[in-house]
Amino acid sequence: GFYAGGSQTKTEMLENGLSTVWVADDVIAMWAKNSSGSFALSNQKFRTYGIDSSKGFFTADLPSAMADDSYTYYCCYPAPVSVSGSKVTFNLSANQDGKVSGGADIMVATPAKHGALKPVTDQIDHSSLSMQMNRMMHQFRFFVDDASNKLNGDGIKTMQLTFPSAVVGAVTLDYTDPSVAPTLSSGSSKVTLALKEPITSAANNFACVSLVPSKFNSGDKLQIKAYTS
C-alpha cells in the first residue's frame with residue numbers, strides 16, 4: 001500500500017466549494033521501475049482502503065511480492081482509458097456532476113523513489129510510499145449569490161455551458177512527467193452538469209467544472225444556461 005496526501009491531491013469538492021476530499025472507490029494507476037530499468041508494476045490499479053481529513057490510502061493485491069530493490073514510482077488518477085509507452089489517455093467527460101468527481105479531476109504524480117511496497121499492517125502508519133499528486137486540469141468554479149431568494153425555493157438541477165473552444169474530450173498526458181502539458185483530441189466545447197447537489201440556497205450555491213487548460217481570446221464569451229425542475 002501507499003498514500004497520497006495534501007490539500008492539492010483530492011478528488012471531490014466539499015460543500016464550501018473550496019476544499020476537496022478523496023472518496024471511496026477512487027482508483028489510482030501505478031508504475032514501478034526497478035534499478036535495472038524494468039517495470040515491476042505497470043498500470044497496476046490501487047483502490048482506496050482508508051480516507052482521513054488529509055490523505056487517501058491505497059492498496060492492491062499484487063500477483064507476487066516485489067523484490068527488495070530501489071524503485072521509481074509513477075502514478076496517475078484516475079486509471080487511464082489507454083496507455084502507449086509513457087503516454088496515458090483519459091476521458092474528460094462532457095457530462096459532469098458539479099463536484100469534479102468520478103475521475104474528472106485528472107492528476108499525475110511527481111515521480112518518487114522508494115523501496116518495495118509492503119503489506120499494509122496499520123492504516124495510521126504513514127512510513128510507506130507517499131505520492132504527491134499534481135492536478136492537471138483547470139477547475140472553473142462559480143457561485144449563485146443569494147440563491148434561496150432568487151430561485152423562490154426551487155433549485156438549479158442542470159446547467160449547460162458552452163465555451164469558446166473545446167475544453168473536454170480525450171486528454172493525453174505523460175505519467176512520468178507532470179510538467180508536460182496535456183493535449184486534447186476528440187474535444188467538445190459543451191459541458192452539461194447534472195448537479196450532484198442542486199443549487200438551492202446560500203449554503204449550497206456553487207458548481208464546479210473540470211476542463212483542459214485553455215487559452216481564450218479577448219471578446220470570447222461563455223454561455224451558461226441553468227435549469228430548475
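Using modelled atom types and a 3.5 Å distance limit, the side chains of Thr162 and Ser189 yield no donor-acceptor pair.
Between Ser130 and Ala112 the shortest heavy-atom distance is O-CB, 4.2 Å. Listed here is the closest heavy atom pair of Met159 and Ile224: CE-CG2, 3.8 Å. Heavy atoms only, all atoms of each residue included: Val168 and Ser93 are closest at CG1-O, 3.8 Å. Counting all heavy atoms, side chain and backbone alike, Val209 lies closest to Leu161 at CG2-CD2, 4.1 Å. In terms of heavy-atom proximity, Thr200 sits nearest to Gly155 at CG2-CA, 3.9 Å. Smallest separation of non-hydrogen atoms from Tyr73 and Met131: O-CE, 3.7 Å.
If you take CD1 on Ile199 and CG on Leu193, they are separated by 8.5 Å, rounding to the nearest 0.5 Å. Atom SG of residue Cys75 and atom CG of residue Leu41 lie 11.0 Å apart, to the nearest 0.5 angstrom. Between the OG atom in Ser82 and the NZ atom in Lys87 there is a gap of 12.5 Å [rounded to 0.5 Å]. With rounding to the nearest 0.5 Å, the separation of OH in Tyr71 from CE in Met66 is 4.0 Å. Distance OG/Ser165 to CG/Asp220: 7.0 Å, rounded to 0.5 Å. Considering NZ of Lys33 and OG1 of Thr176, their distance stands at 7.5 Å, rounded to 0.5 Å.
No more than 12 heavy atoms of other residues, nucleotides or ligands lie within 6.0 Å of NZ in Lys190, so this atom counts as exposed by the packing criterion.
Using a 30° and 60° split on the angle between ring planes, Phe39 and Tyr74 fall in the tilted class, from 30° to 60°.
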**Request:** Determine, stepwise, if the pair Met30 / Asn43 fulfils side chain to side chain contact (heavy atoms under 4.5 Å, CB included).
**Result:** CA-CA 5 Å; Met30 174 169 277; Asn43 198 19; over 6 Å; no
**Item:** Stepwise side chain to side chain contact (heavy atoms under 4.5 Å, CB included) test for Ser101 and Lys196
**Value:** CA-CA 10 Å; Ser101 58; Lys196 189 174 184 178; 4.1 Å; yes
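Two residues are said to be in side-chain contact when any heavy atoms from C-beta on lie closer than 4.5 Å; Tyr77 and Asp26 meet this criterion. Residues Ile156 and Pro198 are not in side-chain contact: their nearest non-hydrogen atoms beyond the backbone lie 4.5 Å or more apart. The side-chain heavy atoms of Met137 and Leu211, taken from C-beta on, include no pair separated by under 4.5 Å. Counting heavy atoms from C-beta outward, Leu129 and Leu117 have side chains that approach closer than 4.5 Å. Within the 4.5 Å cutoff, no side-chain heavy atoms of Cys76 are placed close to those of Met107. Annotation: side chain of Gln160 is in contact with side chain of Thr192 (closest heavy-atom distance under 4.5 Å). Taking the side chain as every heavy atom from C-beta outward, Ser86 and Asp174 approach each other to under 4.5 Å. Looking at Lys157 and Ser229, their side chains come closer than 4.5 Å, going by heavy atoms from C-beta outward.
Panel note: side chain Ser214, backbone Val212; a donor-acceptor pair is recorded below 3.5 Å. Proximity of a side-chain donor or acceptor of Lys118 to a complementary backbone N or O of Ala116 within less than 3.5 Å is not detected. Looking only at distances, no side-chain donor or acceptor of Asn91 sits under 3.5 Å from a matching main-chain atom of Ala170. Ser210 places a side-chain N or O within donor-acceptor distance of the main-chain N or O of Ala104, the cut-off being under 3.5 Å.
One hydrophobic cluster, built from ILVMFWY side chains closer than 4.5 Å, holds both Leu222 and Phe216. A continuous path of ILVMFWY side-chain contacts below 4.5 Å connects Leu195 to Val144, so both sit in one hydrophobic cluster. Both Phe142 and Val167 belong to a single network of hydrophobic side chains, linked directly or stepwise wherever heavy atoms of I, L, V, M, F, W or Y lie under 4.5 Å apart. The hydrophobic clustering, which links ILVMFWY residues whose side-chain heavy atoms are closer than 4.5 Å, places Val83 and Leu92 together. Under a hydrophobic-cluster definition in which Ile, Leu, Val, Met, Phe, Trp and Tyr are linked whenever side-chain heavy atoms come within less than 4.5 Å, directly or via other members, Val88 and Val27 are assigned to different clusters.
Ionic pairing of Arg135 and Asp105 is present here: one or more N-O contacts between side-chain nitrogen and carboxylate oxygen are shorter than 4.0 angstrom.
Aromatic ring centroids of Tyr175 and Trp31 lie under 6.0 Å apart.
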